[in-house]
Amino acid sequence: MGRIVSRIIDFFRVKRYMISKMRKKLAFITIFTTLCLAGCGKETPANSADPQQTEQSTENNESSTSTHQESTDVTTTITSQDTAITTTATDTTLTITCIKGGAADAFVLISDEHVTIIDTGLDKKADKLVEFLNEQGVTKVDELIITHFDKDHVGGADHILSNFEVGTVYTTYHSKESDDITAYLEALENSGLQETTVTETLNYAADGISFTIYPPQSPVYYDSTSNNSSLVIRVALGDNSMLFAGDAEYERLSELLKTEGLGSTILKVPHHGRYNANTEAFIKYISPQYAIITSSNGEPEDQEVLDILTANGTETYLTKNGNVTITMTSDNIEIMQ
């Protein structure tokens, strides 16, 4: 120990003209501790040499602890940058409302600063959709997504465009004509907007939520081009996600079965719960914990589909029984009907 102290004193004699008295004292303590610990066969802690670094490390640890208290599923071995990202995701709440409107699709997705509508149901039920948005205090719809142009998906689109400010309109290609489509196109023009036809997989994020839109891979299908041209949308928040499968039938499901990354916590069952030869394989591929079927008493879901979902261990909700409200965070899902 005497030799160690002697070396330290010699060191300061040589370097004392380079440092102030405060730095001499700090350097003395630092080097003394380092040599003593080295003599005992131990490494110096990374934060022992810099009190400022120690203070910063303490703040980071406190931030990490706060995050873990909010969500016990968060991994403890994360960097401060990861902590910030995780905290943002943890603080985000996404509410997805599946509107009761017959065998028709209308979904409203609301987070703190963002509103998305996926399909707009039937024209005769559009007032119900508009009323719901008004009740939620919605004045602007950031994205209006029309999965395809059947009347039970595009019917209320003109009402949305006429009553709300709309940011971007995403659609598939037009494979048919109808009065509902004409009304939609006129409202689109009156709003000064142009639709964006999705032809390649599209990704964007808002409020810590990721949106992925998968377009059809063929310009025409052997059977039911309109249904099979459906856009498919995956919405993900942390560990949870929901897949909106439009009215995809056998041919479109064949494409999706070859698409990676579609597994989701919740599945909007395609085509109102109608069965086809790919239904079972698709449900197993997505492996959802929960399923939503947009059906009605007059146009009910197929029992075969319900049986497949039950066998998969999936809890299923039918919009014919009322609105379904999904509250999603990065690590939790609550569903009410």
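The figures that follow rest on heavy atoms only: side chains count, while hydrogens, waters and symmetry mates do not.
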Linked, directly or transitively: Leu109 and Ile209 (ILVMFWY side chains, under 4.5 Å): yes
Selection residues 221-278 - residue pairs positive for ring-ring contact (aromatic ring centres under 6.0 Å, His included), sequence neighbours left out: Phe107-Phe244, His153-His272
Val166 reachable from Ile233 in the ILVMFWY side-chain graph, under 4.5 Å edges: no
All side-chain contact (heavy atoms from CB on, under 4.5 Å) counterparts of Gln289, not counting sequence neighbours: Thr265
Side chain to side chain donor-acceptor pair (under 3.5 Å) partners for Asn323, two or more places apart: none
Side chain Thr120, main chain Ala157, donor-acceptor under 3.5 Å: yes
Closest non-hydrogen atom pair between Ser264 and Leu262, with its separation: OG-O, 2.9 Å
Heavy-atom closest pair, residues Leu144 and Val141: N-CG1, 4.2 Å
side-chain contact (heavy atoms from CB on, under 4.5 Å) involving Ala245 - partner list, sequence neighbours excluded: Leu267, Pro270, Phe282
Arg234 side chain to Gly263 backbone, donor-acceptor under 3.5 Å: yes
Qualifying ring-ring contact (aromatic ring centres under 6.0 Å, His included) pairs with a residue from residues 172-195, counting only residues at least two apart or across chains: Phe149-His174, Phe149-Tyr184
Test item: Thr92 side-chain N/O and Asp207 main-chain N/O as donor-acceptor pair under 3.5 Å: yes
Residue list, side chain to side chain donor-acceptor pair (under 3.5 Å) with Ser226, at least two apart or on another chain: Asp150
Heavy-atom closest contact (Leu237 atom, Met328 atom, distance): CD2-O, 3.5 Å
For Tyr214, all residues meeting ring-ring contact (aromatic ring centres under 6.0 Å, His included), sequence neighbours excluded: none
Lys140 side-chain N/O to Phe164 backbone N/O, donor-acceptor pair under 3.5 Å: no
Listed partners of Lys284 passing side-chain contact (heavy atoms from CB on, under 4.5 Å), at least two apart: Glu280, Asn312
Criterion salt bridge (charged side-chain N to carboxylate O under 4.0 Å, His left out) against Arg274, the qualifying member of Glu301, Glu299, Glu249: Glu299
Greater than 12 external heavy atoms within 6.0 Å of Glu189's CD: no
Test item: side-chain donor near acceptor, Asn203 and Thr201, under 3.5 Å: no
Verify same cluster id: Leu129, Ile292 (apolar side-chain graph, 4.5 Å): no
Atom of Gly121, atom of Ala104 and distance for their closest heavy-atom approach: CA-CB, 4.0 Å
Minimum heavy-atom distance between Thr279 and Val305, given as atom pair plus value: CG2-CG2, 4.0 Å
Joint cluster assignment, Ile293 & Leu256, ILVMFWY side-chain distance < 4.5 Å: yes
Whether Tyr204 and His114 hold their rings parallel, tilted or perpendicular, with breakpoints at 30° and 60°: tilted
Derivation of the salt bridge (Lys or Arg N to Asp or Glu O under 4.0 Å) call for Lys151 and Asp123: CA-CA 7 Å; Lys151 65 180 182 179; Asp123 177 68; over 6 Å; no
All ring-ring contact (aromatic ring centres under 6.0 Å, His included) counterparts of Tyr290, not counting sequence neighbours: none
Contact summary for Ala248 and Asn228, nearest pair of heavy atoms: C-OD1, 4.2 Å
Donor-acceptor contact below 3.5 Å, side chain Thr259 vs main chain Glu255: yes
Intermediate values then yes/no, side-chain hydrogen bond (donor to acceptor under 3.5 Å, both in side chains), Thr319 and Asn321: CA-CA 5 Å; Thr319 58; Asn321 297 327; over 6 Å; no
Approximate separation, where rounding is to 0.5 Å, of Asn190 CG and Leu161 CG: 9.5 Å
For Gln303, side chain to side chain donor-acceptor pair (under 3.5 Å) partners two or more places apart: Asp307
Side-chain donor/acceptor of Asn240 to backbone N/O of Thr329, under 3.5 Å: yes
Whether Thr314 side chain and Pro288 backbone form a donor-acceptor pair below 3.5 Å: yes
Donor-acceptor side-chain pairing of Asp247 and Ser230 below 3.5 angstrom: no
Chi angles and distances behind the side-chain hydrogen bond (donor to acceptor under 3.5 Å, both in side chains) call for Thr168, Glu143: CA-CA 5 Å; Thr168 305; Glu143 293 93 24; 5.6 Å; no
Partners meeting side-chain contact (heavy atoms from CB on, under 4.5 Å) with Phe132 (sequence neighbours left out): Thr97, Ile99, Val108, Glu135, Gln136
Side chain to side chain donor-acceptor pair (under 3.5 Å) against Ser254, all qualifying residues, sequence neighbours excluded: Asn278
